[in-house]
Protein chains: 2
Amino acid sequence: MDDMADTVSEALPRDFEALRALILDRRESLPKRIAQVAAYALDNPDEIAFGTAASIASSAGVQPSTLIRFAQHLGYDGFTSLQQVFRERLRERTTSYEERLTVVRGDADDGTSNRRIVDGFLAAASKSIDVMSRNIDDETLDRAIDLLNGAETIYILARRRSYPVASYIAYALGKLGVRSQLIESASGLSPEIISFATPRDAVIAISFSPYASATVEEARVLSANGVPVVAITDSAFSPLAQFASVWFEVAEADFGGFRSLAATMALAMGLTVGVAELRRGRKGRKSANAKV
Amino acid sequence: MDDMADTVSEALPRDFEALRALILDRRESLPKRIAQVAAYALDNPDEIAFGTAASIASSAGVQPSTLIRFAQHLGYDGFTSLQQVFRERLRERTTSYEERLTVVRGDADDGTSNRRIVDGFLAAASKSIDVMSRNIDDETLDRAIDLLNGAETIYILARRRSYPVASYIAYALGKLGVRSQLIESASGLSPEIISFATPRDAVIAISFSPYASATVEEARVLSANGVPVVAITDSAFSPLAQFASVWFEVAEADFGGFRSLAATMALAMGLTVGVAELRRGRKGRKSANAKV
DNA sequence: AATAAAATGAACTGTATGTTCCATTTTCGC
DNA sequence: GCGAAAATGGAACATACAGTTCATTTTATT
C-alpha cells in the first residue's frame with residue numbers, strides 16, 4: 001500500500017479541480033468505503049477543508065483511518081496533505097469584491113492608478129450582482145414575465161444612465177422575435193409613439209434616482225391609459241413604484257459616485273429571455289439560439 | 001482578565017465584517033503586541049483561518065500566547081473561537097458564481113423557472129468580472145487612458161450588442177465634461193461625422209464576434225486617417241485588433257447563448273473615469289462628483 | 001523616583017489530533 | 001469452495017496543538 005502509491009507517474013493534484021477530475025476518473029475502481037469518502041468529499045468540500053479527521057469521518061459514516069487510506073489511494077502521503085488542496089480551494093477565491101471595494105476606497109488617495117479605478121468598477125459590479133442574487137423575489141419575477149408575455153408590443157422606457165439597459169433590452173427582444181418599441185428622446189417623437197400603446201401592450205420602465213422626468217411622466221401617462229408597467233427602480237419611494245403593476249428594487253453599488261449597471265443588466269436579460277422562453281414554449285419547441 | 005472579558009454587553013462578532021469593524025474601532029486602545037496581531041489578522045485573514053497558533057504567531061512576529069490574548073481581549077474565550085470567524089468568512093462565499101453557472105446549466109431541463117434564468121445571467125456576469133480582474137493588464141490600461149486623454153474629441157463606435165456600452169460611455173463622458181461623439185447607425189450620418197475626425201482625436205471601438213461590419217469598417221477608415229483607435233474586443237483574431245493602437249481582450253461568459261456585458265461595462269467605465277481623472281488633475285483639483 | 005498595574009515572553013501541560021497497527025471481514029482468483 | 005489478497009473496523013500511539021502559568025519587562029500613576 002505504501003510502495004505503489006508513490007510510484008504514480010502523474011503529479012498529484014495541487015488544485016481542487018484537478019483533484020476532482022482525478023477522483024471522478026478513478027471512481028469506478030475505488031473500494032466501497034473509499035468511494036463513500038470520495039463522494040462525501042466532492043459533495044462537502046468545505047467540511048474537508050475545516051473539519052478534523054474524526055469529525056469528517058463521523059459525518060461521512062466511516063472510520064478516521066479510512067480518510068487516511070483515501071488520501072493515500074490518491075497518492076497523498078496522508079490526510080493532511082489532501083486537506084491542503086481543499087483549503088487551497090477556499091483561499092483562491094479569497095478576496096471577495098466587497099472587500100476589494102472597501103480596500104480600493106480606503107487608499108484611494110495614494111496616487112490614482114488606473115488599475116485601481118477598473119478594479120473599483122469590477123468590485124461595484126460584483127457586489128451589485130451578489131446583492132441582487134440574494135434579494136430577488138421569485139414571485140415578482142414570475143408576475144413581471146407573465147405580464148410582459150401577454151403584451152402585443154413591449155415599450156421600453158429609459159433615459160440617461162438607464163438608457164444603455166433599455167437599448168440592450170430592445171436589441172435582445174428584436175433578436176428573439178418579440179415586438180418592442182424603444183422610446184428615444186432623440187427622435188422627439190415620444191408623445192406620438194406613446195399614444196399608440198393600448199392596454200394589450202406593456203411597458204418596461206427603468207429609472208434610478210435622480211429620476212429622469214421624461215421617463216416618469218411617460219410611464220405615468222401610459223399607466224393612466226391602462227397599459228401595465230413593469231418598473232426597475234431603486235426604492236419603494238421611487239415615483240415609478242407608485243403606479244407600476246410590478247416593480248423591482250435593484251440596489252446597485254457604486255464606485256466613486258458611478259453606480260454599476262451590472263445587476264440591472266442581468267435582471268433585464270432575465271426578463272427578456274424569460275418572456276422569449278414562454279413564447280417559444282407556447283408556439284413550438286425550443287430552437288437553438290445563436291450567441292448575441 | 002477572565003472576568004472583564006465576558007461581561008461585555010455587545011454580542012461577539014460572528015461574521016468577519018463585524019469583527020473587522022470591532023478591531024478597527026478598538027485599534028487605538030490595544031496594547032502594542034496585540035495591535036500587531038490585529039493588523040496582521042486583518043491583512044492576512046486566510047492565514048488566521050488555516051494556520052496553527054504557532055505558525056501564525058511566527059508569521060506575525062509574536063508569541064503564540066499573544067494570539068490567545070488577542071482573542072480574549074476581543075471577548076472570545078480563546079484563539080479557536082476567534083478562528084471560527086475567519087473560517088466562516090471563507091465558507092460563506094462558498095458557492096462561487098462559476099459553480100452556480102454549471103449548476104444552472106446542469107438542470108436547465110427540469111422546468112424553466114424564471115429565477116433560474118436570472119441566476120444564470122448573474123452567474124455569467126460574475127464570472128466575466130472575475131476573469132477580467134485576473135487578466136487585465138495595467139500597462140495596456142495606462143496606454144489606452146493616456147491615448148484617450150490626449151484626444152480633443154473621443155469618437156465612440158459600437159453597434160448591436162455592444163451599443164449599450166457605447167451609449168453608456170457617451171453619457172458618462174458627457175457628465176464628466178469630456179467631449180465625445182457617439183456614432184449612431186440610426187442617424188445615417190456616420191460617414192459625415194467620421195470625416196471630421198483628425199489624428200488629434202481618438203476612437204473607442206467595441207465589437208465582439210460576429211463583428212458588426214459597420215464598426216469594423218468605420219474603425220478601419222478612422223485608423224487609416226491617422227486617428228488612434230482603442231479597441232475592446234474578444235480575441236487577437238478580431239479585425240479590430242489588427243489596426244488598433246491599443247486593444248483589450250475581454251472574455252465575457254454567456255448564459256444560454258447570451259453573453260454578459262458586465263466586464264465590458266466595467267472596463268468602459270474604468271477608461272471613462274480614468275480619462276476624466278487625468279484631465280481633472282491637469283486642470284485644478286478634484287471636484288466632488290455626483291452620482292451618475 | 002518609587003510603586004503598582006499591565007503587558008510580554010517563554011516554558012509547561014493536558015488534550016485532541018493524525019496516524020499506525022493489528023485483528024477481522026470481505027472480495028477475488030483458481 | 002479454498003486460499004490469498006485486499007479492505008475494513010477499532011483501538012493504541014506519538015505528537016502537535018491550544019491554552020495556562022509564571023517570571024520578567026514595560027508602562028502608567030503618584
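Keep in mind that this is a model prediction, so the values were computed, not measured.
- Atom P of nucleotide C:dG9 and atom NZ of B:K32 are separated by 8 Å, given to the nearest angstrom.
- Side-chain proximity of B:P31 to D:dA18, C:dT19, C:dT8: nearest is C:dT8.
- Rounded to whole Å, the distance from CG on A:L30 to P on D:dA6 is 16 Å.
- Dashed line: the shortest gap from a side-chain N or O of B:Q63 to OP1 or OP2 of C:dA10 is under 4.0 Å.
- Counting to the nearest Å, the C1' atom of D:dG19 and the CG atom of B:L82 are 14 Å from each other.
- Note on A:L67: nothing from the nucleic acid sits closer than 4.0 angstrom, heavy atoms only.
- If you measure from atom CD of B:Q84 to atom C1' of D:dA18, you get 13 Å, rounded to the nearest angstrom.
- When each of D:dT20, C:dG9, D:dT8 is scored by its nearest atom to the side-chain atoms of B:Q72, the top-ranked nucleotide is D:dT20.
- Residue A:Q83 places none of its side-chain N or O atoms closer than 4.0 Å to OP1 or OP2 of C:dT19.
- In this structure, a donor-acceptor pair under 3.5 Å is absent between the side chains of A:S59 and A:E47.
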Output, in order, the C-alpha distance, side-chain angles, deciding distance and verdict of salt bridge (Lys or Arg N to Asp or Glu O under 4.0 Å) for B:R87 and B:D46. CA-CA 8 Å; B:R87 297 190 161 183; B:D46 286 10; over 6 Å; no
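- Listed pair A:S65 / C:dG18 fails the phosphate criterion, with no side-chain N or O lying under 4.0 Å from OP1 or OP2.
- Ring orientation note: the planes of B:F50 and A:F50 are close to parallel, at an angle under 30° on the 30°/60° scale.
- B:T233 and B:E249 share no side-chain donor-acceptor pair at under 3.5 Å.
- Distance A:R33 CZ to D:dA7 C1': 10 Å, rounded to the nearest Å.
- For B:R69 against C:dG9, a side-chain N or O and a base N or O form a donor-acceptor pair under 3.5 Å.
- At a cut-off of 3.5 angstrom, the base of C:dA16 holds no donor-acceptor pair with the side chain of A:T52.
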